[in-house]
K.L.:
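What follows is a structure written as structure tokens; I'll ask about it next.
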Amino acid sequence: MIEKYDHIKIEEKWSQIWEKDNIYCTPDDATSENKYYILPQLPYPSGSGLHVGHAEVYSACDIFARYKRMKGKKVLQVIGWDAFGLPAENYAIKNNVYPKVTTNDAIDNFRYQIKRMGVSVDWDREVGSHSPEYYKWTQWFFLLMYKRGLAYRKEQQVNWCPGCKTVLANEQVVDGCCERSGDKVEQKMMEQWYLKITEYADRLYDDLDKVDWPEETIKRQRDWIGRSEGINISYEVPGLDEKIKVFTTRPDTNFGATFIVCAPDSDFIIRNVEKFSEKEKVRKYMKSVKNKTELERMQEGKKKTGVFTGLYALNMLNNKRIPIYVGDFVLASVGTGNVVGVPGHDKRDFEFAKAVGAEIVRVVVGSDGDKSEITDVKKVQEAEGTMINSDFLDGLNINEATGKIMDYLVEKGWGERITNYKLRDWSVSRQRFWGAPIPMVFDQEGKPHPVPEKDLPVLLPDDVDFIPTGQSPLTYSKDFQTGVEKKYGESWRREVDTLDTFLCSSWYYYRYLDPRNDQAFASKEALEKWMPVDFYIGGPEHVTGHLLYSRFFTKVLYDAGYITFDEPFAVHRHQGTILGEDNRKMSKRWGNVINPTDVMDRNGADTLRIYEMFMGPLSDTKPWNTKGEKGVHKFLLKVWNLQKKVSESFESREQEIEINKLIKKVGEDIEDLSFNTAVAKSMEFTNFLVVEKEVKKSVWERFLKILSPFAPYMTEELWQKGGNSDSIHKEQWPEYDKKLIIEEKIIMAVQVNGKVRDKIEISAGEGQASVQKKALAQERIKKYVEGEPKKVIFVKDKIINLIV
RNA sequence: GCCGAGGUGGCGGAACUGGUAGACGCGUCGGACUCAAAAUCCGGUGAGCCUUAAAACUCGUGAGGGUUCGAUUCCCUCCCUCGGCACCA
């Protein structure tokens, strides 16, 4: 009799042994050739503990890590904590507990759960972004940016969350609301620190060609950067001593331009409003727009409004005078803040033309050949087409015309080719406590100076009142300013804002390489050896935030000469969302939250790992099913019970063939991240062994090996029970024999007129003549085929199709 | 509105470069074990038609069309779901 499968006992036992033997430490003999760096996204240690979504990422990464190790790679697998951030601080405000305390509790809990899952992490390299040893380097990165002219202070309209009482980056505003609290985000003028990510827009856009990321992720990031190639055209404005400049990507339609519209807050308007003959109306309009709240703008939707300035611009292409308007559909921050209106070929321009009564001219004919007047929004022609009413452009298609007129405008000195971006500089100041202090000090005149590197880290003080006032809580800390005057000068003060936590997570993958280094964020040797990350799993929600920022940081490091590569993540994949059993997002509100600890309690860590992989493809959104979880447990039970059939003397060619096929299939599936089918095949194999009388020992041992990345605990137990004294996790991935997995007999479908009518057994590689003869001899085929078929389609080893 | 991903049994999902659709698991039905239940084990299970049963046949991968000996897979049109962006000129 074999003993019962007691997952609790087995898992506790091996956890301790593995930890004692430190079997998952990063190998010393790693080189840049044989290394493999696996990175699960840095988790935020929330108070509610590990989520099944985290467990999915760690399972996938760990299976991959274990597989790579067995294939001879020197694996670095690590974990750390994105420990600063708003939830801990909000909790502190409510319950008056210091964030450091709650955060460290949460980390302890996460660490315990991840260890219990059997994730083969090198715990000596654990990092937390809230430790001074870590944020010293976050501050160092800020100073590096500052030294390179990439960090600057500017007063500007910022996104302000009234709930969190802090500024947000564009990336943290979702549908006009704060992504954390859900409050409607307001616009506010504030002086803030910015990082000049826009300087890297082109490289961030182009270098996406170098990485192996999901196509849609690359596309989304490019859309976010929003590069558009166009031209700035300057038009003379009679009666004004300056020209008006507009940005357009469609200069080909310029013969159809009938007006210009400026944003109410564009530089041109602000500078010249006094000179407008209609200045009263314009001022009134500017004021009314300014008073509009975000909400009112939303409600008004796309309704176009505007007023005439009294000025005209001269379109030098056709010497037409075109009126200049002010309209709030034009955004000051885009292009030059002024647009040229071509109502026949841009819906927004059409709507504006209708609203103010401007002329509409057709200059492009689409594929439908329609040359009629454009009288309705539906007729606005924005697609490909051929130029008309456009002088020397007539007859060209719009792309040729665009090139030609750009050259012409540039040559005449009327225009300048320009690239425009949607990407804005990254606002990094936060009026919150629980973050890394910005390492700057202000002198008597309020001029900022960087804190010298030797004075880092600027420590977060303890004497802080968390009640949000809109001022950073650090403003009220005495400790924080203590000694500043002595160190830097009379009435010098520290910057009291903290850094956006996305700065902490923009470089964490470097710290793992050399986590205890106090001379550098990581040594040159470590960086050279381990980077770039070979495999990175993270959520799709970070495409335009974290992933973009990390790439930016890496490029800055590259330019500063610290590293020799300029993309951090060679391969990146996303995990999908795991829904509750009711197909809704897991939430306390719905009471449908599945807790990984409960799963491990009832069925074990191995079941948790395998079930999460078996649910479906990694990147899919998929619902949890507790019954399915049980099915996986049953599978492990079957494997467990097989141990009694293992026999050293038993021989079986069939088992030999099947295990060889399985080794091939599981290996390939892991490489493709098709963990679900790898599990399915292992189940099939188990079902096959269940009906066997005995199991050949070497087949059994190879099976345990390929199952070990998925079920590290049970396979270790069975491995050592079977007489092995060292860990199964130090074993190599078994090789398969190509000759053995070639099918000898094939069941071939016989089709008549494309419909399957029968199946015959043939030997592999059998020729057409022989197969056809067999097929025609079948009783069921005879029913359909009288005499010779008209035509026969034969694909070797696949199909025979008889056409009658 | 635009962009992206995707629609396969009762459910989660399989299916190589076009070649036996529905692997594997769940559920369900029937059986074994049991005084009984749970657990476990064995067998059936896309729909329809017919039926005591079996065989056979027909239909089936969101809808409609096309290419092909053959389409879940390729092409066109449309519908729906999810995700992203949202006056970006």
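Every chain is numbered from 1 and lettered A, B, ... according to where its sequence line falls, protein lines coming before strand lines. Every value quoted in this text rests on a predicted model; they were computed, and no experiment measured them.
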K.L.:
Between B:A39, B:A89, B:C24, which one does the side chain of A:Ala680 approach most closely?
P.N.:
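The nucleotide sitting nearest to the side chain is B:C24.
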K.L.:
Salt bridge or not for A:Arg348 and A:Glu351, using N-O below 4.0 Å?
P.N.:
no
K.L.:
Hey, are A:Lys665 and A:Glu668 close enough for a salt bridge, meaning a charged N less than 4.0 Å from a carboxylate O?
P.N.:
no
K.L.:
Hey, are the side chains of A:Val380 and A:Ile374 touching, using non-hydrogen atoms and a 4.5 Å cut-off?
P.N.:
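Side chain of A:Val380 against side chain of A:Ile374, heavy atoms only: contact under 4.5 Å found.
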K.L.:
Between B:A71 and B:C82, how far apart are the two C1' atoms, rounded to whole Å?
P.N.:
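To the nearest whole Å, 26 Å.
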K.L.:
Given B:A89, B:G13, B:C69, identify the nucleotide with an atom nearest to the side chain of A:Thr248.
P.N.:
B:A89
K.L.:
Would you indicate, yes or no, if B:U58 has its OP1 or OP2 atom less than 4.0 angstrom from a side-chain nitrogen or oxygen of A:Arg757?
P.N.:
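Affirmative; the distance criterion is met.
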K.L.:
Can you give me every donor-acceptor pair (side chain of residues 787-794 of chain A, partner residue at least two apart or in another chain, under 3.5 Å) with its distance?
P.N.:
none

K.L.:
Looking at A:Phe329, does the NZ or CZ of A:Lys304 lie under 6.0 angstrom from its six-membered ring centre and within 45 degrees of the ring axis?
P.N.:
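Yes - A:Lys304 lies over the ring of A:Phe329, closer than 6.0 Å to its centre and within 45° of its axis.
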K.L.:
Which nucleotide wins on minimum distance to the side chain of A:Trp224, given the candidates B:C24, B:C85, B:U20?
P.N.:
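Within the option list, the nearest is B:C85.
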K.L.:
Between B:U72 and B:A38, how far is it from one P atom to the other, in whole Å?
P.N.:
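Rounded to whole Å, the distance is 42 Å.
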K.L.:
Salt bridge or not for A:Asp669 and A:Lys664, using N-O below 4.0 Å?
P.N.:
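Judged by the 4.0 Å cut-off on N to carboxylate O distance, A:Asp669 and A:Lys664 do not form a salt bridge.
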K.L.:
Hey, could you give me each pair passing salt bridge (Lys or Arg N to Asp or Glu O under 4.0 Å) that has a residue in residues 335-344 of chain A? Not counting sequence neighbours.
P.N.:
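Found none.
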K.L.:
Select base, sugar-phosphate, or nothing to describe what A:Thr621 touches, counting heavy atoms under 4.0 Å on all strands.
P.N.:
sugar-phosphate
K.L.:
With a 4.0 Å heavy-atom cut-off, tell me which residues in residues 212-221 of chain A come close to RNA chain B, sorted by residue number.
P.N.:
A:Glu216, A:Lys219, A:Arg220
K.L.:
At under 4.0 Å between heavy atoms, what does A:Asn687 touch on the DNA or RNA strands: base, sugar-phosphate, or nothing?
P.N.:
sugar-phosphate
K.L.:
Which of these, A:Ile594, A:Asp598, A:Val599, A:Asp601, sits in a side chain to side chain contact (heavy atoms under 4.5 Å, CB included) with A:Leu608?
P.N.:
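Going through the options one by one, the only one that passes is A:Val599.
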K.L.:
Which nucleotide in the list B:C88, B:U20, B:G19 gets nearest to the side chain of A:Val795?
P.N.:
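Of the options given, the side chain of A:Val795 lies nearest B:G19.
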K.L.:
With salt bridge (Lys or Arg N to Asp or Glu O under 4.0 Å) as the test, pick out the partner of A:Asp223 among A:Arg227, A:Lys219, A:Arg220.
P.N.:
A:Lys219
K.L.:
Taking the same atom, P, in B:C41 and in B:C24, what whole-Å distance lies between them?
P.N.:
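The same atom, P, in both gives a distance of 16 Å.
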K.L.:
From B:A89, B:A56, B:C3, pick the nucleotide closest to the side chain of A:Arg348?
P.N.:
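Among the listed nucleotides, the one closest to the side chain of A:Arg348 is B:A89.
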K.L.:
Holding to salt bridge (charged side-chain N to carboxylate O under 4.0 Å, His left out), I want the full list of residues that pass it with A:Arg424, two or more places apart in sequence or in another chain.
P.N.:
none
K.L.:
Taking OP1 and OP2 of B:C24, is either one under 4.0 Å from a side-chain nitrogen or oxygen of A:Ser682?
P.N.:
no
K.L.:
Applying salt bridge (Lys or Arg N to Asp or Glu O under 4.0 Å) as the test, list every pair that has at least one member in residues 794-804 of chain A; sequence neighbours left out.
P.N.:
none
K.L.:
Within the sub-3.5 Å range, which N or O atoms of nucleotides 14-16 of chain B have a protein N or O partner, and how far apart are they?
P.N.:
{"residue": "B:A14", "atom": "OP1", "partner": "A:Asn676", "partner atom": "ND2", "Å": "2.9"}

K.L.:
A:Val330 side chain: which of B:C24, B:U20, B:A89 is closest?
P.N.:
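Nearest to the side-chain atoms of A:Val330, counting from C-beta on, is B:A89.
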K.L.:
With no hydrogens and no angle check, is any side-chain donor or acceptor of A:Ser266 less than 3.5 Å from a backbone partner on A:Cys262?
P.N.:
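Such a contact is absent between A:Ser266 side chain and A:Cys262 backbone.
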K.L.:
Side-chain donor-acceptor pair under 3.5 Å between A:Ser367 and A:Glu384, yes or no?
P.N.:
no
K.L.:
With syn defined as a glycosidic angle within 90° of 0 and anti as the rest, where does B:G70 land?
P.N.:
anti
K.L.:
Inspect the contact between A:Lys4 and A:Asp6 and indicate whether a charged nitrogen and a carboxylate oxygen are less than 4.0 angstrom apart.
P.N.:
no
K.L.:
What pairs with A:Asp672 under side chain to side chain donor-acceptor pair (under 3.5 Å), at least two apart in sequence or on another chain?
P.N.:
none
K.L.:
Between the main-chain N or O of A:Lys627 and the side-chain N or O of A:Asn625, is there a donor-acceptor pair closer than 3.5 Å?
P.N.:
yes
K.L.:
With sugar-phosphate meaning primed atoms plus P, OP1 and OP2, does A:Gln751 contact a base, only sugar-phosphate, or nothing at under 4.0 Å between heavy atoms?
P.N.:
base
K.L.:
Checking A:Phe703 now: which residues fulfil ring-ring contact (aromatic ring centres under 6.0 Å, His included) with it, not counting sequence neighbours?
P.N.:
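ring-ring contact (aromatic ring centres under 6.0 Å, His included) list for A:Phe703, sorted by chain: A:Phe685.
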K.L.:
Looking at B:A89, B:U20, B:G19, which one has an atom nearest to any side-chain atom of A:Asn801?
P.N.:
B:G19
K.L.:
Base of B:C85, side chain of A:Lys422 - is there a donor-acceptor contact under 3.5 Å?
P.N.:
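There is none.
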K.L.:
Base, sugar-phosphate, or nothing: which does A:Ile803 touch, judged by heavy atoms less than 4.0 Å apart?
P.N.:
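Sugar-phosphate contact only - A:Ile803 comes under 4.0 Å of backbone atoms but never of a base.
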K.L.:
Give me the distances for all protein-to-nucleotides 28-30 of chain B N/O pairs that come in under 3.5 Å?
P.N.:
none

K.L.:
Pick the P atom in B:G31 and in B:G19, then give their distance to the nearest Å.
P.N.:
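Comparing P positions in B:G31 and B:G19 gives a spacing of 41 Å.
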K.L.:
Listed in order of residue number, which residues of residues 632-644 of chain A have a non-hydrogen atom at under 4.0 Å from RNA chain B?
P.N.:
A:Lys634
K.L.:
Using a 4.0 Å heavy-atom cut-off across all strands, classify A:Gly631 as base, sugar-phosphate, or nothing.
P.N.:
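Answer is sugar-phosphate: A:Gly631 comes under 4.0 Å of backbone atoms only.
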K.L.:
Among B:A56, B:C85, B:G19, which nucleotide has an atom closest to any side-chain atom of A:Lys783?
P.N.:
B:A56
K.L.:
Determine the contact category for A:Val792: base if any of its heavy atoms lies under 4.0 Å from a base atom, sugar-phosphate if only primed atoms, P, OP1 or OP2 are that close, otherwise nothing.
P.N.:
nothing
K.L.:
Which helical stems does RNA chain B take part in, if a stem means at least 3 consecutive Watson-Crick or G-U pairs with both distances below 3.5 Å?
P.N.:
B:1-7 with B:79-85, B:10-12 with B:24-26, B:27-32 with B:40-45, B:46-48 with B:57-59, B:62-66 with B:74-78
K.L.:
Rounded to whole Å, please give me the gap between NZ in A:Lys347 and C1' in B:C87.
P.N.:
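To the nearest whole Å, that distance equals 13 Å.
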K.L.:
Show me the pairs that pass salt bridge (Lys or Arg N to Asp or Glu O under 4.0 Å) and involve residues 745-765 of chain A, at least two apart or across chains.
P.N.:
A:Asp758-A:Arg780
K.L.:
Show your working on side chain to side chain contact (heavy atoms under 4.5 Å, CB included) between A:Thr253 and A:Gln381 and close with a plain yes or no.
P.N.:
CA-CA 11 Å; A:Thr253 60; A:Gln381 204 280 336; over 6 Å; no
K.L.:
As a test of reading the structure: which of B:C57, B:C3, B:U20 is closest to the side chain of A:Tyr784, going by heavy atoms?
P.N.:
B:C57
K.L.:
Need one value for A:Lys304: base, sugar-phosphate or nothing, where a base atom within 4.0 Å counts as base even if backbone is also close, heavy atoms only.
P.N.:
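Answer is base: heavy atoms of A:Lys304 come under 4.0 Å of a base.
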K.L.:
Touch check for A:Leu802, heavy atoms < 4.0 angstrom, all strands: base, sugar-phosphate only, or nothing?
P.N.:
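Touches nothing.
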